[in-house]
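I have placed the structure first, in the form of structure tokens, so that the comments after it can refer back to it.
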Amino acid sequence: QVELVESGGGLVQPGGSLRLSCAASGGTFTIYTMGWFRQAPGKERELVAAISWSGGNKYYVDSVKGRFTISRDNTKNTVYLQMNSLKPEDTSVYYCAAGRRDLPPIVTVAGTWRGDYWGQGTQVTVSS
């Protein structure tokens, strides 16, 4: 079975940076798309970023474009989310996810990705 283990969450001041990591283990041969969701209190879970197997296709929600960067290292079965210029509204629980299908290149379709496997979630708090 696939397991996803996250690290890198924490408390930072506005304008600061964090780098989230998520390592997959188990049946990693089934994994193509990897990405990150977040869910803040009172809000629905939101797709933040996703990346295809090759890294050639990426999706970002509009609110993080230019600030967040998703990347992956298939040798390590790991996906990263570099978060810069953090804002208080970025405060949320961030969840790593992986999917059995590859991310399509059309942004409107990529934005509907849901994932098949999930990490435990890591808290990101942006506050002064």
Side-chain angles (χ1 to χ4, degrees):
Q1 58 182 326
V2 173
E3 293 184 324
L4 303 174
V5 180
E6 302 172 346
S7 61
L11 173 65
V12 297
Q13 294 184 345
S17 297
L18 284 174
R19 190 193 193 202
L20 305 183
S21 300
C22 172
S25 62
T28 56
F29 56 87
T30 68
I31 293 175
Y32 284 84
T33 302
M34 297 189 76
W36 297 88
F37 292 77
R38 66 186 180 187
Q39 187 168 25
K43 296 184 178 180
E44 295 186 1
R45 187 168 295 190
E46 173 187 47
L47 177 60
V48 178
I51 185 169
S52 63
W53 172 259
S54 69
N57 295 328
K58 297 178 181 179
Y59 169 84
Y60 298 98
V61 68
D62 287 346
S63 60
V64 309
K65 287 181 178 178
R67 300 189 297 119
F68 291 11
T69 302
I70 190 169
S71 61
R72 67 190 296 165
D73 184 341
N74 290 340
T75 301
K76 299 178 179 179
N77 296 313
T78 299
V79 65
Y80 307 94
L81 187 67
Q82 179 67 47
M83 304 185 294
N84 299 327
S85 302
L86 283 162
K87 305 174 181 179
E89 50 263 45
D90 295 317
T91 296
S92 187
V93 178
Y94 284 71
Y95 297 90
C96 176
R100 296 189 296 267
R101 295 177 173 85
D102 211 0
L103 193 71
I106 303 173
V107 65
T108 54
V109 179
T112 69
W113 182 66
R114 296 290 182 267
D116 300 298
Y117 313 103
W118 294 84
Q120 77 283 0
T122 184
Q123 178 70 46
V124 172
T125 302
V126 185
S127 177
S128 58

Applying a strict under-4.5 Å side-chain criterion to I, L, V, M, F, W and Y, I'd like to know whether [X] and [Y] cluster together.
X: Met34; Y: Val107; result: yes
X: Tyr32; Y: Val79; result: no
X: Tyr95; Y: Val126; result: yes

- Query: Do Arg100 side-chain atoms and Tyr117 backbone N/O form a donor-acceptor pair below 3.5 Å?
  - Reply: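 Such a contact is absent between Arg100 side chain and Tyr117 backbone.
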
- Would you confirm whether Gln13, through its side chain, and Ser128, through its main-chain N or O, come within 3.5 Å as a donor-acceptor pair?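 Judged by distance alone, no pair lies under 3.5 Å.
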
How many angstroms lie between [atom1] in [X] and [atom2] in [Y], if you round to the nearest 0.5 Å?
X: Arg72; Y: Ser54; atom1: CZ; atom2: OG; answer: 8.5 Å
X: Phe68; Y: Lys58; atom1: CZ; atom2: NZ; answer: 14.5 Å
X: Ser92; Y: Lys43; atom1: OG; atom2: NZ; answer: 8.0 Å
X: Arg67; Y: Leu86; atom1: CZ; atom2: CG; answer: 6.5 Å
X: Leu20; Y: Tyr80; atom1: CG; atom2: OH; answer: 12.0 Å
X: Arg114; Y: Arg45; atom1: CZ; atom2: CZ; answer: 11.0 Å

- Message: Go through it in stages, so that I can follow the logic: the residues are Trp113 and Arg101, the test is side chain to side chain contact (heavy atoms under 4.5 Å, CB included), and I'd like the CA-CA distance, side-chain angles, deciding distance and then a yes or no.
- Response: CA-CA 9 Å; Trp113 182 66; Arg101 295 177 173 85; over 6 Å; no

- Item | Pairing of Asp62 and Lys65 as salt bridge, 4.0 angstrom limit |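 Judged by the 4.0 Å cut-off on N to carboxylate O distance, Asp62 and Lys65 do form a salt bridge.
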
- Are Tyr94 and Arg38 linked by a side-chain donor-acceptor pair shorter than 3.5 Å?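 Per modelled atom types, Tyr94 and Arg38 side chains form a pair under 3.5 Å.
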
Grab the two heavy atoms, one from [X] and one from [Y], that are nearest each other, plus how far apart they are.
X: Leu47; Y: Ala50; value: CD1-CB, 4.4 Å
X: Ala110; Y: Pro104; value: CB-O, 3.7 Å
X: Ile70; Y: Tyr60; value: N-OH, 2.9 Å
X: Cys22; Y: Leu4; value: SG-CB, 3.8 Å
X: Gly27; Y: Val2; value: O-CG2, 3.3 Å
X: Leu81; Y: Ala49; value: CD1-CB, 4.0 Å

- Task: Could you give me the CA-CA distance, side-chain angles and deciding distance for Gln39 and Phe37, then say whether side chain to side chain contact (heavy atoms under 4.5 Å, CB included) is met?
- Result: CA-CA 7 Å; Gln39 187 168 25; Phe37 292 77; over 6 Å; no

Hey, does [Y] have a side-chain heavy atom less than 4.5 Å from the side chain of [X]?
X: Trp118; Y: Cys96; result: no
X: Leu103; Y: Ile51; result: no
X: Met83; Y: Asp90; result: no

- Task: Start with the C-alpha distance between Thr91 and Gln123, add both sets of side-chain angles, then the distance that settles side chain to side chain contact (heavy atoms under 4.5 Å, CB included), and finish with yes or no.
- Result: CA-CA 8 Å; Thr91 296; Gln123 178 70 46; 4.0 Å; yes

- Query: Quick check: are there more than 12 heavy atoms from other residues, nucleotides or ligands sitting under 6.0 Å from CD of Glu89?
  - Reply: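 Atom CD in Glu89 is crowded, with more than 12 foreign heavy atoms closer than 6.0 Å.
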
